[in-house]
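Comments concern the structure below.
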Amino acid sequence: MSYTLHEVNSPARHRQFLAVPQRLHGYRPQYIGPLDNEIEVVFDPQKNPNLATGEAIRWVLLDAEGIAVGRVAAFLNREAVDVKNPDLPTGGLGFFEAPNDPAAARHLFDAGRAWLAARGMQAMDGPINFGERDRFWGVLIDGFEWEPNYGMFWHPPYYQQLFEDYGFQVYFKQYTCARPVLTELHPSFAQRLEKFEADARYRFDYGRKADPEKLAQDFHHVYNLAWGRHAGVKPMNLDQARDLVREMKPVLDERLLAFAYCDDEPVAFFLSLPELNQIFKHVGRRLDLLGKVRFLWQQWRYGRSHDKKMLGIIYGVVPAHQGTGLDSALILDAQKRFISGGYTDIEMNWIGDFNPRMLVTTRSIGAKIRKTHATYRFLFDRDRPFERSPIIR
């Protein structure tokens with residue numbers, strides 16, 4: 001099979017880029033594709049702040065008949081830690097899709113490699129997003145029978161082989177853990193909840209959509225203390241937290257926004273969303289006027305279901321309260337609201353194998369690995385020793 005590579009620089013090429021995943025995987029019963037607008041925003045300088053200090057490029061791969069059968073993007077943000085690393089400046093490769101043909105994959109990988117090398121990079125990570133790690137990150141290598149969660153791609157098994165045959169090595173694995181909401185928790189959870197309920201300084205509550213400013217401030221406070229100092233995670237300013245709450249407000253379920261307070265200071269959260277792909281799979285790729293009408297109808301139907309899936313987005317405890325058992329108490333208190341809301345299944349946003357403490361926490365609540373993704377790294381100097389992502393201590 002012969003292929004030609006074309007830069008995405010016209011409306012027709014944009015449409016081809018967006019259509020490739022559906023063409024390759026649309027017949028699979030477990031496939032749910034991303035929304036077109038959520039892909040396009042990644043490459044829009046008006047909407048992606050990374051493009052203020054970086055650049056991105058996209059290609060589509062056409063077969064001999066002129067049909068788009070593959071795609072890829074390459075990008076770098078000159079202010080990113082990996083890009084600025086003097087020992088190994090590393091760019092990104094993402095949105096990879098290809099047929100089961102190593103020749104097709106080579107065309108796409110070679111294009112990204114050459115483009116990044118010309119800009120001084122010595123390695124590339126992929127498949128990753130030109131943005132935060134919470135979406136479009138990693139290639140699925142296990143759990144192919146499950147539908148993807150919102151913000152994640154579904155990939156066929158042969159993608160792993162395409163990456164590894166080219167020379168990519170696993171930089172870290174990403175585990176999506178799941179559990180039935182009704183799973184009985186260890187008796188120690190109840191003991192810890194009783195302890196904190198008996199202490200007048202502590203209270204457990206949930207975020208309220210009617211007070212978005214407080215929700216944004218509480219989230220911002222816990223997030224920066226619990227997560228802002230981790231490698232690969234940027235601290236968040238309050239305006240960003242406000243924007244996030246405003247964007248997510250239409251799909252929030254207050255019962256899934258669990259907070260713990262000590263002397264009225266927010267000190268822990270466990271924040272989840274209704275699993276939006278269970279709605280979007282009935283809507284399609286385009287959130288145009290008709291798509292929005294379909295979404296509102298499906299959201300209304302789903303909200304009244306008593307067999308719903310939720311997606312655990314983020315969990316965190318500020319350092320001063322870590323190791324006290326507050327996390328266990330918060331989870332048990334929140335479980336009551338999850339059940340009352342008709343939620344029967346929960347999947348947690350992926351956890352990297354570089355974060356063993358968080359994996360221990362998920363196991364403690366009876367969650368098991370359901371899906372595994374991998375983030376790969378390719379070293380341009382093939383004789384250079386490879387090192388995996390460092391463990392969070």
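Side-chain atoms are counted along with the backbone in the values below, which use heavy atoms only and exclude waters and symmetry mates. Model, not experiment: these values are computed from the prediction.
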Are the aromatic rings of [X] and [Y] close, with centres under 6.0 Å apart?
X	Y	result
Phe269	Phe219	yes
Phe172	Phe354	yes
Phe163	Phe96	yes
Phe259	Phe270	no

**Stepwise side chain to side chain contact (heavy atoms under 4.5 Å, CB included) test for Leu257 and Leu252** = CA-CA 8 Å; Leu257 308 177; Leu252 293 178; 4.2 Å; yes
**Item:** Charged tip of Arg382 within 45° of Phe378 ring normal and under 6.0 Å
**Value:**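 Here Arg382 passes the 6.0 Å and 45° test against Phe378.
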Does a donor on one side chain and an acceptor on the other come within less than 3.5 Å for [X] and [Y]?
X	Y	answer
Gln240	His220	no
Tyr315	Asn349	no
Asp125	Thr90	no
Tyr202	Asp263	no
Asn237	Asp239	no

**Asked** Looking at CE of Met310 and OH of Tyr343, how far apart are the two atoms once the value is rounded to the nearest 0.5 Å?
**Response**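 So the gap between those two atoms works out to 7.5 Å.
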**Asked** Looking at CG of Leu5 and CZ of Arg71, how far apart are the two atoms once the value is rounded to the nearest 0.5 Å?
**Response**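 The CG atom of Leu5 sits 14.0 Å away from the CZ atom of Arg71.
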**Request:** Evaluate the criterion salt bridge (Lys or Arg N to Asp or Glu O under 4.0 Å) for residue pair Asp211 and Arg208; output intermediate values, then yes/no.
**Result:** CA-CA 6 Å; Asp211 193 352; Arg208 289 169 173 79; over 6 Å; no
Carboxylate-amine/guanidinium contact [X] [Y], below 4.0 Å:
X	Y	result
Arg192	Asp327	no
Arg135	Glu38	yes
Asp82	Lys84	no
Glu40	Arg58	yes
Glu55	Arg78	yes
Arg13	Glu7	no

**Message:** salt bridge (Lys or Arg N to Asp or Glu O under 4.0 Å), that's the test. Do Glu275 and Lys308 meet it? Break it down for me.
**Reply:** CA-CA 8 Å; Glu275 210 298 285; Lys308 296 198 291 282; over 6 Å; no
4.5 Å side-chain heavy-atom contact, [X] and [Y]:
X	Y	result
Lys371	Gln174	no
Tyr3	Leu62	no
His373	Val139	no
Leu287	Phe280	yes
Leu290	Arg286	no
Ile346	Leu311	no
Arg113	Phe380	yes
Leu256	Leu271	no

**Asked** With hydrophobic residues grouped by side-chain heavy-atom distances under 4.5 Å, do Leu276 and Val245 end up in a single group?
**Response**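 Same hydrophobic cluster.
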**Prompt:** Do Trp297 and Val251 belong to the same hydrophobic cluster, where Ile, Leu, Val, Met, Phe, Trp and Tyr are linked whenever their side-chain heavy atoms lie under 4.5 Å apart, directly or via other members?
**Reply:**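 Result: no, two separate clusters.
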**Chi angles and distances behind the salt bridge (Lys or Arg N to Asp or Glu O under 4.0 Å) call for Arg15, Asp36** = CA-CA 9 Å; Arg15 290 192 294 271; Asp36 286 355; over 6 Å; no
**Message:** Apply the hydrophobic cluster definition, ILVMFWY joined by side-chain contacts under 4.5 Å directly or through others, and give me every member besides Leu140.
**Reply:**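 Direct or chained contacts put Leu140 with Tyr31, Phe144, Trp154.
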**Message:** Through direct or indirect side-chain contacts below 4.5 angstrom among Ile, Leu, Val, Met, Phe, Trp and Tyr, which residues connect to Val360?
**Reply:**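 Grouped by the 4.5 Å side-chain rule, Val360 forms a cluster of one, so the answer is none.
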**Request:** Quick one: sort the Phe153 and Phe95 rings into parallel, tilted or perpendicular, breaks at 30° and 60°.
**Result:**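 Answer is perpendicular, since the angle exceeds 60°.
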**Request:** Go through the steps to decide whether Lys214 and Asp218 satisfy the test salt bridge (Lys or Arg N to Asp or Glu O under 4.0 Å), and finish with yes or no.
**Result:** CA-CA 6 Å; Lys214 177 172 173 51; Asp218 289 355; 3.0 Å; yes
**Message:** Strictly distance-based, threshold 3.5 Å: is any side-chain N or O of Glu79 a donor or acceptor partner for the main-chain N or O of Thr53?
**Reply:**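 No, because the side chain of Glu79 does not come within donor-acceptor range (under 3.5 Å) of the backbone of Thr53.
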**Prompt:** Would the number of heavy atoms belonging to other residues, nucleotides or ligands and lying under 6.0 Å from CD of Glu184 be above 12?
**Reply:**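 Counting neighbours around CD of Glu184, 12 or fewer heavy atoms of other residues, nucleotides or ligands fall under 6.0 Å, so no.
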**Request:** Among Phe130, Trp115, Phe136, find the one that has a ring-ring contact (aromatic ring centres under 6.0 Å, His included) with Phe75.
**Result:**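 Exactly one candidate clears the test, Phe130.
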**Item:** side chain to side chain donor-acceptor pair (under 3.5 Å) partner of Asp345, the single match among Lys309, Arg370, Gln278, Arg179
**Value:**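 The single option meeting the side chain to side chain donor-acceptor pair (under 3.5 Å) with Asp345 is Arg370.
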